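Report on one structure; see the data block that follows.
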Amino acid sequence: MGFAQNAGEEFLLLHDGITLAKGDLETLRKNAGVRHRAVLRLGEEETAPKGFQFADGLWEKEIRSEEELPKIISQAVTSGIKLYEAKLIKPHLEEIYTAYLKGGVQRMDEVDEQDDEYEEQTESAEAADFPDETGERAEYEADDGDEQETP
């Protein structure tokens, strides 16, 4: 599948002669519910930001889009975390195909709904994810939208 991913722009995913999905890699990825991943290599004594899991010497977290990685890097550096490496892992065609086989296929409105929920959670947790210079987690109050504007 690696060759197909490098050679093509549009893909048709088949299983036992039945079409599972078709489209470009990004569309297939979104529809399968497969996310990009941020991977960090931190100093040995460092505590990873909220939501990151430790595996094979690195901290990893699913992220909605690649635009989140610079924010993660900026927050880590601002917080004084010893960040030695950060990289974005984009799902390969084989990973996307496997997600379709495991039932990861979702309707676009479900994916959009999940993306909106994820964005809200990410925004409300961003400030609390990284400790400040004193080592304490930053205080943050989420805006729940209940405030009313005065005319």
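The model shown is predicted, which means the values in this text are computed figures rather than measured ones. For the single chain, residues carry numbers from 1 onward in sequence order.
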Could you tell me the separation between the CD atom of E67 and the CG atom of L88, rounded to the nearest 0.5 Å?
-> 9.5 Å

Under a single-linkage definition using a 4.5 Å side-chain heavy-atom cutoff for Ile, Leu, Val, Met, Phe, Trp and Tyr, are L101 and L25 assigned to the same hydrophobic cluster?
-> yes

Interatomic distance, CD1@I89 vs CD1@I63, rounded to 0.5 Å, equals 10.0 Å

Is it true that E60 and R37 make a salt bridge, defined as a side-chain N closer than 4.0 Å to a carboxylate O?
-> yes

Examine distances only and state if a side-chain atom of T98 and a backbone atom of E94 form a donor-acceptor pair shorter than 3.5 Å.
-> yes

Can you tell if the side chain of R64 reaches within under 4.5 Å of the side chain of R35, non-hydrogen atoms only?
-> yes

Hey, any chance L69 and L83 share a hydrophobic cluster, counting ILVMFWY side chains that come within less than 4.5 Å of each other, even indirectly?
-> yes

Could I get the full list of ring-ring contact (aromatic ring centres under 6.0 Å, His included) partners for Y84, not counting sequence neighbours?
-> none

Looking at side-chain heavy atoms only, is the closest gap between L28 and Y97 below 4.5 Å?
-> no

Mind running side chain to side chain contact (heavy atoms under 4.5 Å, CB included) on I96 and F11 for me, showing each step along the way?
-> CA-CA 11 Å; I96 294 167; F11 305 95; over 6 Å; no

Looking at CD of E85 and CD1 of I73, how far apart are the two atoms once the value is rounded to the nearest 0.5 Å?
-> 10.5 Å

Quick one: are L40 and I81 in side-chain contact, heavy atoms under 4.5 Å?
-> no

Distance in Å, L58 CG paired with F52 CZ, rounded so as to fall on 0.5 Å steps | 11.0 Å

May I ask you to test the K90-E66 pair for a side-chain heavy-atom distance under 4.5 Å?
-> yes

Please tabulate, one pair per line, all N/O donor-acceptor pairs under 3.5 Å involving side-chain atoms of residues 17-24, not counting sequence neighbours.
unit_1, atom_1, unit_2, atom_2, d
D24, OD1, E26, N, 3.4
D24, OD1, T27, N, 2.7
D24, OD1, T27, OG1, 2.7

Answer whether the closest heavy-atom distance between the side chains of W59 and L42 falls below 4.5 Å.
-> yes

Validation row: H36, P91 side chains within 4.5 angstrom (heavy atoms) | yes

Roughly how far, to the nearest 0.5 Å, is the CD atom of E46 from the CZ atom of R41?
-> 12.5 Å

With a cutoff of under 4.5 Å between side-chain heavy atoms, which Ile, Leu, Val, Met, Phe, Trp and Tyr residues group with L14?
-> L12

If we only count heavy atoms from C-beta on, is the L13 to L93 side-chain gap below 4.5 Å?
-> yes

